[in-house]
Amino acid sequence: MTTDRETDTSYEIPLGKLPDHLLVEIFIRVPVIDWAKLSCVKKHWANLFKGEYLWQAALVKTYPFARVTKRWPGPIPRGLSKRRFTALYVSRYVDSLDDERNEIVGHTYLFLKEQLEVSTMPPPSTILHGTIIGTLWIVNLLPNLYQFIACGISKDKADELASLIWLAVIDNLEEKEKSFCLLKRLALEGNVFLPFPYSRSGKVMWRIFDKIFTDYRDCLDHLDYYDLLSYAKSRFQMIPSTWLGY
């Protein structure tokens with residue numbers, strides 16, 4: 001009778017003998033959500049997920065258009081294959097465009113999220129500063145003056161994309177004290193320096209206040225609550241009852 005341990009070994013040995021290129025072909029056909037588990041099985045497998053070859057293969061298989069060499073229209077760097085794959089993967093949760101523009105949206109999301117998470121202070125109100133140059137609509141991502149460039153789309157669509165990226169980032173911030181402090185500063189900062197559409201949209205500001213008054217209500221002290229509530233009342237004509245009551 002074969003024991004469970006012997007059975008496990010019998011499966012492990014043949015798979016362990018497969019060359020790297022076949023392992024990669026197997027791994028990229030596994031759902032992305034399970035890749036972290038795969039990388040924990042063996043040290044060798046973890047090294048494959050750290051290398052460029054696997055991510056390049058995954059990029060080409062999942063997003064065939066990514067293999068086409070084109071001039072990259074933006075100062076936010078593309079990075080290596082892993083960064084490109086991640087940008088394209090997360091872009092589907094922001095908006096549904098196509099090929100190159102999806103990648104730009106993904107890179108912008110990653111950049112903005114990273115900047116907000118590493119900074120002890122939120123970006124200034126000029127973080128969404130729009131400029132029309134020909135058919136390009138550019139949204140500067142300060143403080144490091146990176147830009148989001150949406151190619152071949154209208155100004156209104158670019159404004160919408162900027163808001164969608166902000167909303168996606170806000171919704172995916174880790175629920176911790178640093179995120180609360182960030183959201184509070186963004187809420188109190190308001191649109192002091194630049195009028196719409198150069199500042200954060202009404203939808204974005206609404207989501208910021210909603211996150212504070214629902215997800216972070218326990219973090220608010222008495223003074224913070226009434227300061228934020230007063231600002232919300234001055235900004236929005238009506239506020240939901242869920243925001244009321246300290």
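No experiment lies behind these values; they were computed from the predicted model shown.
Taking the ring-ring contact (aromatic ring centres under 6.0 Å, His included) definition, one finds that F85 meets it with W35, W55, Y63, sequence neighbours left out. In this view, K82 satisfies the salt bridge (charged side-chain N to carboxylate O under 4.0 Å, His left out) rule with no residue, not counting sequence neighbours. Considering only residues two or more places apart in sequence or on other chains, K203 meets the salt bridge (charged side-chain N to carboxylate O under 4.0 Å, His left out) condition with none of them. For the side chain to side chain contact (heavy atoms under 4.5 Å, CB included) test, no residue two or more places apart in sequence or in another chain qualifies with D218. With sequence neighbours left out, the salt bridge (charged side-chain N to carboxylate O under 4.0 Å, His left out) criterion links D210 to no other residue. For the ring-ring contact (aromatic ring centres under 6.0 Å, His included) test, no residue two or more places apart in sequence or in another chain qualifies with H21.
You'll find the ring centres of F209 and F236 inside the 6.0 Å limit.
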| request: Any chance you could lay out the side chain to side chain contact (heavy atoms under 4.5 Å, CB included) test for W243 and I212, step after step, and finish with the verdict? | output: CA-CA 9 Å; W243 293 7; I212 291 172; over 6 Å; no

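Side chains of K113 and V90 form no contact here, defined as non-hydrogen atoms less than 4.5 Å apart. Counting heavy atoms from C-beta outward, L186 and I170 have side chains that stay 4.5 Å or more apart.
A donor atom on one side chain and an acceptor atom on the other are found under 3.5 Å apart for S81 and E52.
A232 and I239 make their closest contact through O-CG2, 4.1 Å (heavy atoms, listed as atom of the first residue, atom of the second, distance).
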